[in-house]
Amino acid sequence: MAMITDRTPMYDRNAKYDRPEESDWHKIANPSVERFLKKHNAKTVLDLACGTGGQVFWLAKHGYNVVGADISKGRIRCARIKAKRETMEITFLNGDMRTIKVGKFDAVITMYNAVGHLTKAGFEKAMRNVRDNLNQGGIYIFDIINSNLENELDLDVDNTKKRADGAMAHKIQTCRINRKTGVLTINGAVCLWKVNGDLTVEGPIRWTMQVYNAKQLKDMLSRNGFRVIGQYSLDGSRLLDRRSTEILTVARKI
Ligand SMILES: C[S@@+](CC[C@H](N)C(=O)[O-])C[C@H]1O[C@@H](n2cnc3c(N)ncnc32)[C@H](O)[C@@H]1O
């Protein structure tokens, strides 16, 4: 069963290597989130799974008043260092999206499959807490891997990449989905060759994620005080039930 904790030690450990501003995923997701915030006239945003600030810095630079929170102390520490380095005054808090109370915001976001680290019951608890942190009529935006996706949830990845610091990283990863429960299990390892020839191996790494289809998300949201405004592919285009990798959901507090 998916645990919230089974990846947190790794998030803490590798926080300093996290460079969301360089990721292809963020280059698609961040403008998409911003378009929906703008469309719904949101000015204040609470990111309840901010990591090292993958959305927070981008949104702050686009004029939003943003607060970030995350369960990983290591990631919050890195986000604060980054804010200092960029001379940006942003509040980062350590806390659990299921329980933390920060205030009332026009929008709450939890991006990059963050809710997949929660059990189904944990996610419903988080939804109620998201609601508590929203103004009346506020919106909740999140993404999660689409459990109806054909083929791609049972796959093996094997690739080698040169990193910005010149080191070579070889990643081997396998994903397996249990279609009945929606639990995705990921097994992997990363070998890192540094420029001076040193080799480090991170892994084996194994974690699980709870993934959902669009209807399940709709039902859960309506049980917990939200009305779904729309469900999309990550880039904001039309959701294709068996083809879209992620479901980007926008829901309003009722
Ligand atoms: C894949 S990262 C995404 C971070 C950030 N949104 C981004 O796009 O770069 C998922 C994040 O969810 C956080 N997380 C997992 N469970 C959480 C919980 N219960 N409460 C708050 N954050 C949680 C992890 O610590 C991690 O930083």
Side-chain angles (χ1 to χ4, degrees), residues 1-34 36-37 45-62 64 66-83 90-102 105 107-133 140-145 173 175 183-184 186 188 190 205 207-211 234-235 245-249:
M1 179 46 82
M3 300 291 170
I4 83 131
T5 45
D6 70 351
R7 226 198 154 191
T8 305
M10 197 177 109
Y11 278 130
D12 270 335
R13 220 174 36 243
N14 67 13
K16 61 178 184 292
Y17 300 117
D18 194 41
R19 290 191 181 78
E21 59 280 7
E22 288 169 15
S23 119
D24 291 341
W25 185 92
H26 286 83
K27 285 178 192 156
I28 296 171
N30 290 357
S32 187
V33 168
E34 206 254 324
F36 287 112
L37 291 173
V45 183
L46 172 61
D47 185 346
L48 280 181
C50 68
T52 59
Q55 285 74 47
V56 171
F57 289 101
W58 203 86
L59 291 175
K61 284 175 188 164
H62 283 76
Y64 293 84
V66 198
V67 174
D70 198 281
I71 201 166
S72 159
K73 287 191 176 135
R75 298 222 151 198
I76 287 298
R77 206 176 308 123
C78 283
R80 286 180 181 149
I81 292 169
K82 224 186 266 182
I90 301 175
T91 304
F92 286 102
L93 305 166
N94 181 225
D96 188 325
M97 67 170 110
R98 295 168 303 173
T99 51
I100 189 172
K101 309 283 180 222
V102 186
F105 293 78
V108 172
I109 62 173
T110 54
M111 291 297 295
Y112 213 174
N113 296 307
V115 297
H117 297 302
L118 306 174
T119 60
K120 286 179 179 167
F123 185 21
E124 295 209 33
K125 186 171 178 183
M127 285 177 181
R128 294 191 289 278
N129 192 47
V130 165
R131 201 174 176 281
D132 286 348
N133 282 284
Y140 176 34
I141 305 178
F142 66 95
D143 72 306
I144 184 68
I145 290 174
Q173 190 169 295
C175 294
V183 174
L184 186 66
I186 299 112
V190 178
I205 309 159
W207 80 93
T208 57
M209 262 179 121
Q210 181 67 58
V211 300
L234 189 64
D235 63 2
T245 311
E246 283 109 348
I247 303 169
L248 181 75
T249 299

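Residue indices begin at 1 and follow the sequence shown. Because only heavy atoms are used, hydrogens play no part in the values below, and waters and symmetry mates are left out as well, while side chains stay in. As the structure lists them, so they are numbered: ligands from 1, and atoms in each ligand from 1. Please read all numbers here as calculations on a predicted model, not as lab measurements.
Taking a cut-off of under 4.0 Å to the non-hydrogen atoms of Leu48, the atoms of ligand 1 that pass are 21 (C), 22 (N). Below 4.0 Å from some heavy atom of Gly51 lie the following atoms of ligand 1, by number and element: 4 (C), 27 (O). Taking every non-hydrogen atom of Met111 and a distance limit under 4.0 Å, the qualifying atoms of ligand 1 come out as 3 (C), 6 (N). Listed by number with element, the atoms of ligand 1 under 4.0 Å from a non-hydrogen atom of Ala114 are 10 (C), 12 (O). Near Gln55, with a cut-off below 4.0 Å to any heavy atom, the atoms of ligand 1 are 5 (C), 6 (N), 7 (C), 8 (O).
Asn94 places no side-chain N or O within donor-acceptor distance of the main-chain N or O of Ala69, the cut-off being under 3.5 Å. Judged purely by atom type and a 3.5 angstrom limit, Asn133 has no side-chain atom pairing as donor or acceptor with the backbone of Lys101. Side chain of Asp47 to main chain of Gly68: no donor-acceptor pair is present (N/O by atom type, distance under 3.5 Å, no hydrogens or angles). Of the possible polar contacts, none joining the Asp235 side chain to the Ile28 backbone as a donor-acceptor pair under 3.5 Å is found.
A 6.0 Å sphere centred on CZ of Arg77 holds no more than 12 heavy atoms belonging to other residues, nucleotides or ligands.
Distances from atom 16 (N) of ligand 1 to the heavy atoms of Thr52, Thr110, Asn30, Ile71 put Ile71 nearest. Across the listed options Asp70, Val33, Ile109, Thr99, Asp70 owns the non-hydrogen atom lying nearest to atom 25 (O) of ligand 1.
Of the heavy atoms in Arg75, only side-chain atoms (C-beta onward) come closer than 4.0 Å to ligand 1. Within the 4.0 Å heavy-atom criterion, the part of Leu118 lying near ligand 1 is the side chain and not the backbone. At a heavy-atom cutoff of 4.0 Å, ligand 1 is contacted by the backbone of Cys50 but not by its side chain.
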task = I would like to know whether Glu34 and Tyr64 meet side chain to side chain donor-acceptor pair (under 3.5 Å); could you show each step before the answer?
result = CA-CA 9 Å; Glu34 206 254 324; Tyr64 293 84; 2.9 Å; yes

request  = Could you walk me through whether Lys82 and Phe57 pass the side chain to side chain contact (heavy atoms under 4.5 Å, CB included) test, one step at a time?
outcome  = CA-CA 9 Å; Lys82 224 186 266 182; Phe57 289 101; 3.7 Å; yes

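Residue His117 has no N or O atom closer than 3.5 Å to an N or O atom of ligand 1. Checked by distance only, ligand 1 and Asp47 stay at 3.5 Å or farther apart across all their nitrogen or oxygen atoms. For a threshold of 3.5 Å applied to N or O pairs, the pair formed by His26 and ligand 1 contains at least one separation below that value.
A distance of 6.0 Å or more separates the ring centres of Phe36 and Phe142.
Between Trp207 and Gln173, the shortest heavy-atom contact is CH2-OE1, 4.5 Å.
Counting only N and O atoms by type, the side chains of Thr249 and Tyr140 include no donor and acceptor under 3.5 Å apart.
For Gly95, the closest heavy-atom approach to ligand 1 falls below 4.0 Å. In this structure, Asn113 falls outside the shell of residues with a heavy atom less than 4.0 angstrom from ligand 1.
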